[in-house]
Protein chains: 2
Amino acid sequence: MRAAYPRDTPDQQRVATVARVSTATVSRVFNSPHRVGEARRNRVLQAAKELGYTPNKFASALARKATGRVLFLDCNKLAAHDRVNQAYYAGLYKMSLEAVLGAVESSTYHLTIDLNGSAKPGDYDGIILFDVDSPEQVAPFLSSGIPTVYGHHLGGFSKGLRAGVDNKGGSVLAAQYLLDRGHRGIAYLTGRVPELNSHKDRLEGFVIRLEEANLGCTILQTPVGPRGGARGVQSLEKKLRAGSITAIGVMNDLTAFGAVQELLRLGIRIPEDVEVVGFDNLPILDLLPVRIPTVDLSLDEVYSRAAKKLLSSLESQGEQEELLVLPRLIRPNSNPGDPK
Amino acid sequence: MRAAYPRDTPDQQRVATVARVSTATVSRVFNSPHRVGEARRNRVLQAAKELGYTPNKFASALARKATGRVLFLDCNKLAAHDRVNQAYYAGLYKMSLEAVLGAVESSTYHLTIDLNGSAKPGDYDGIILFDVDSPEQVAPFLSSGIPTVYGHHLGGFSKGLRAGVDNKGGSVLAAQYLLDRGHRGIAYLTGRVPELNSHKDRLEGFVIRLEEANLGCTILQTPVGPRGGARGVQSLEKKLRAGSITAIGVMNDLTAFGAVQELLRLGIRIPEDVEVVGFDNLPILDLLPVRIPTVDLSLDEVYSRAAKKLLSSLESQGEQEELLVLPRLIRPNSNPGDPK
DNA sequence: TTGTATGCGTTATCAG
DNA sequence: CTGATAACGCATACAA
């Protein structure tokens, strides 16, 4: 037998009694406050506060004939050879999840997560797609009629509610950093271009900033990951030793990790001889004997906004805006563990 | 105005009609099947299957006067100096979450997550605590009367429903591996002993296995993390070069990472000269130029069982058993990305 | 603007 | 073992 636990949670009726109004008014105060007279509204809010009342989300959803649920779905499905790398991004997932949670928690909706992709639209009032890869991936959700918002690399996407990282802008920051440090011979390790939006945008932003400074850029396409980074450095070795290249921008930290390792192995000092700047702000950078700058995606910001946008579009059909968050540069001397 | 989405989900009434029974009977079939006659039960199951019926969890919770929610709370709060290391464990969190989800999903309960610790018991019918650290941490939950299950390092815990990793057993596997490889001079890097259960158990298991083989063990206490691992190796350098120590067990992979790096830096080859075995099966091991064996916590198994245990104890007050899952050794030649 | 009354899908009580 | 029926807490026509 299922045990019953005393739930002293006050209900709408209690609040209504205390506030000397009807339950309908209490409901209105929480759903369409503007439709309630100020005097009564204040009485209700006061009573609710005193009693510690929170609307029961389940009953709410039931009465509304809605599911009352918002889905958070991890879409991160890359090519098979990238699967192993995904483990390094779990921290970003967790951070994003936390951000979404903060927004949904305070609404009348419940956050539901799905990690294995077995979710059907229709079971949810709203959907948040994490780390989508291609338009085909989002299409079924958008056409389902369920309000959907997705993130976070938006290069090739053009429709629906979406929030993302300004990869181009982030790369501009990275290039800017190297320029400020006085570098003139700069190389860039790119990856899966042009298939991957994020890599393409990052490359573009980097090159653009250098062009603005009337500088060229040695672009090298390498496999993504530590091994690719090492290989990239090997290709550049001559120029690095000759001093014609003194800085390297890398498309992500996983690859930057390998690049740094290889540089050190070759006896090239960082940052004295060569400087490297990464992207993603992955914790693995702390495993290197030297600190390098990187670009933080600000995914918490991205998904917090995404969630809020979705929730507000659940109230009124919103517009199909795109929302871009500018990443922030993490300097090698700053402590990544610091409070933001 | 909130849009209404067509939910063609069949309800209890539809199933009841099709099965020619009352709604009460349908409810019983899904909650206490044994209280329904076989003929009718089959009719109901058949109808439910045809219609694709799933009980509405919200209505269920409402009628039951319960919250209908199960909480998954991340308790991982270590000392400040360890905070930075936590980022490496996000993957384990995600894996555990997925396991819990799988179990809860198919029940009439909803899984709710809380990442910032602002959850109050009483808002939930059941609670799953992830990665608890000390008995004081769980005490308020246990005394709240809400069924609670916690994991996953159970060394110092003695009450309540719990599921955990057999750290001792895992360490035995690690030691066994080194013995099988013919090593006789073996060292062990331990960490925060005796405060941390996991470290204590791992040390114990390792030493016990060596004792059984009539071997001693050079035990070294080092800080946890890459730097600590490097320092440990430095302390052992003479013995390593002399060949009196040819293998090192380490309390976790983060520390093992540093140990391996330092060994290689010293020109000591792995596994030819010295062999290292880690613990936790963290993906960062792939960032090393050599593969080392490690011990996988099987947290998916742990938390899957934990969730099932909790759910069943929600039906009937269960016993306060402890559940221990034996980790599995990951050999350096096996691919960690392989399907289990 | 406000209150009354009804229903949302399910479980639990009670009578048969 | 089974069926009718009353909650569960809330939102929303509808009436006032």
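Because only heavy atoms are used, hydrogens play no part in the values below, and waters and symmetry mates are left out as well, while side chains stay in. The chains referred to below are lettered A, B, ... by the order of the sequence lines, with proteins before strands, and numbering in each begins at 1. Source: prediction; values computed, not measured.
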Expressed in angstrom and rounded to an integer, what is the separation of [X] atom [atom1] from [N] atom [atom2]?
X	N	atom1	atom2	value
B:Asp125	C:dT11	CG	P	13 Å
A:Arg69	C:dC8	CZ	P	20 Å
A:Lys65	C:dG9	NZ	P	7 Å
B:Arg20	D:dG3	CZ	C1'	16 Å
B:Arg35	C:dT11	CZ	C1'	13 Å
B:Tyr53	C:dG9	OH	C1'	7 Å
B:Gln13	C:dT10	CD	P	10 Å
B:Phe58	C:dT10	CZ	C1'	13 Å

Measuring to OP1 and OP2 of [N], would you say a side-chain N or O of [X] lies under 4.0 angstrom away?
X	N	result
B:Arg64	C:dT11	yes
A:Gln12	D:dA11	yes
A:Asn56	D:dC10	no

**Asked** Do A:Phe157 and A:Tyr150 have ring centres separated by under 6.0 Å?
**Response** yes
Side chain of [X] only, please: which of [options] is the nearest?
X	options	result
A:Val21	D:dG3, D:dA11, C:dG3	C:dG3
A:Val36	D:dC10, C:dT10, C:dT2	C:dT2
A:Arg28	C:dA5, C:dT2, D:dA7	C:dT2

**Prompt:** Is the B:Phe58 ring parallel, tilted or perpendicular to the A:His110 ring (thresholds 30°, 60°)?
**Reply:** tilted
**Prompt:** When the ring planes of A:Phe72 and A:Tyr93 are compared, do they come out parallel, tilted or perpendicular, using 30° and 60° as the limits?
**Reply:** tilted
**Item:** DNA chain D: 5'-proximal contact among B:Thr25 and B:Ala59 (nearest heavy atom)
**Value:** B:Thr25
**Fill in**
Of B:Leu62 and B:Arg41, the one whose nearest nucleotide on DNA chain D sits closer to the 5' end is B:Arg41
Remember a base hit wins even if backbone is also touched, and classify [X] as base, sugar-phosphate or nothing at under 4.0 Å, heavy atoms.
X	result
B:Val26	nothing
B:Ser60	sugar-phosphate
B:Arg40	sugar-phosphate

**Item:** Ion pair B:Lys94/B:Glu98, N-O distance below 4.0 Å
**Value:** no
**Request:** Please report the closest heavy-atom contact between A:Tyr53 and A:Pro55, naming both atoms and the distance.
**Result:** OH-CA, 3.5 Å
**Asked** Considering heavy-atom distances to DNA chain C, does A:His34 or A:Ala24 have its closest nucleotide positioned more toward the 5' end?
**Response** A:His34
